[in-house]
Amino acid sequence: IPGGLCVTALGSLLFGLLPSFVSSPLALSVGLLSFRCLGGLGAAVSESGCLTLISTGEAAEEEGRLGVALSSVEVCTGVGAAAGTALGGLLFSLGGATPFGEFLFPFVVGAALPLSLVPLCWHALKTRPPPAPQSASAAAEAAVGGGGGGRRRSPLCQRRELLLRLPTAVSVVACAA
């Protein structure tokens, strides 16, 4: 997830900087398309990581919560995509008053947003313990609801709130950028 956010930020920043360095229309078109593809690749990597985090985390362990968690990420992705367009237009109009200029300013902000989530991602993912190895018989017994009585909670509960909100935040920022 952090790597995807960094690639998204790099693509956005390079997209904004390219017109300052290239004057040929063909080279500019190819460069802009390439850097936009790079940003999209980074967003796809971070989105895939978020969906994997949700589908293998605590939400997958509790019945009914996986669908709610996945749908909340998809709603936030749509909101981020819609808000990103409006925010980009606003930043473009405000960019003339900044040292970056009208064209570059939205892309600097678009690069700063995903980069601002990288420390949060590192913290959340660093504190997530790896899954404990399980024997095949114990896994089968847990899958059919056995295991004798009480349901054991995942160690993920320690950082539950942070991990539940991380994928939605990453989705909004990646789509807005």
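Separating the CG atom in L87 from the CZ atom in F92 is a distance of 14.0 Å, to the nearest 0.5 Å. Between the CG atom of L18 and the CG atom of L33 there is a distance of 11.5 Å, given to the nearest 0.5 Å. Put simply, CD on E102 and CG on L94 are 10.0 Å apart, with the number rounded to the nearest 0.5 Å.
Contact of the F35 side chain with the F107 side chain is not registered, since no non-hydrogen atoms from C-beta on lie closer than 4.5 Å. Side-chain contact between L117 and L113 is absent, with no heavy-atom pair separated by less than 4.5 Å. Side-chain atoms of L90 and S93, non-hydrogen and from C-beta on, do get closer than 4.5 Å to each other. Between S23 and L28, every side-chain heavy-atom pair lies at or beyond the 4.5 Å cut-off. Side-chain atoms of L70 and R65, non-hydrogen and from C-beta on, never get closer than 4.5 Å to each other. Looking only at side-chain heavy atoms (C-beta outward), V73 and E47 come within less than 4.5 Å of each other.
Residues L66 and S55 approach most closely at CD1-CA, 3.7 Å, considering heavy atoms. In plain terms, the two heavy atoms of F103 and P19 that are nearest each other are CE2-CG, 3.4 Å. Nearest heavy-atom pair across P2 and C121 is CG-CB, 3.7 Å. Here the closest heavy-atom approach between residue F100 and residue V108 is recorded as CD2-CG2, 3.9 Å. What you find for L115 and A9 is that their closest heavy atoms are CG-CB, 3.6 Å. Taking every heavy atom of both residues into account, A111 and L13 meet most closely at CB-CB, 4.1 Å.
No path of Ile, Leu, Val, Met, Phe, Trp and Tyr side chains, each step under 4.5 Å between heavy atoms, connects L5 with L41, placing them in separate hydrophobic clusters. Hydrophobic clustering (ILVMFWY, side-chain heavy atoms < 4.5 Å, transitive): L32 and L38 are in one cluster. Using a 4.5 Å cut-off between side-chain heavy atoms of Ile, Leu, Val, Met, Phe, Trp and Tyr, with links allowed through other members, F15 and V30 fall into different hydrophobic clusters.
A donor-acceptor pair is defined here as one N or O able to donate and one able to accept, closer than 3.5 Å; no such pair exists between the side chain of S12 and the backbone of T8. In this structure a side-chain-to-backbone donor-acceptor pair under 3.5 Å is missing from S46 to I1.
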(Q) Does H123 form a side-chain contact (heavy atoms from CB on, under 4.5 Å) with V118? I'd like the steps, not just the answer. (A) CA-CA 9 Å; H123 175 70; V118 170; over 6 Å; no

Q: Report the C-alpha separation of L104 and L17 in whole Å, then their side-chain angles, then the decisive distance to 0.1 Å, and conclude whether the side-chain contact (heavy atoms from CB on, under 4.5 Å) test is met.
A: CA-CA 7 Å; L104 181 59; L17 287 171; 3.9 Å; yes

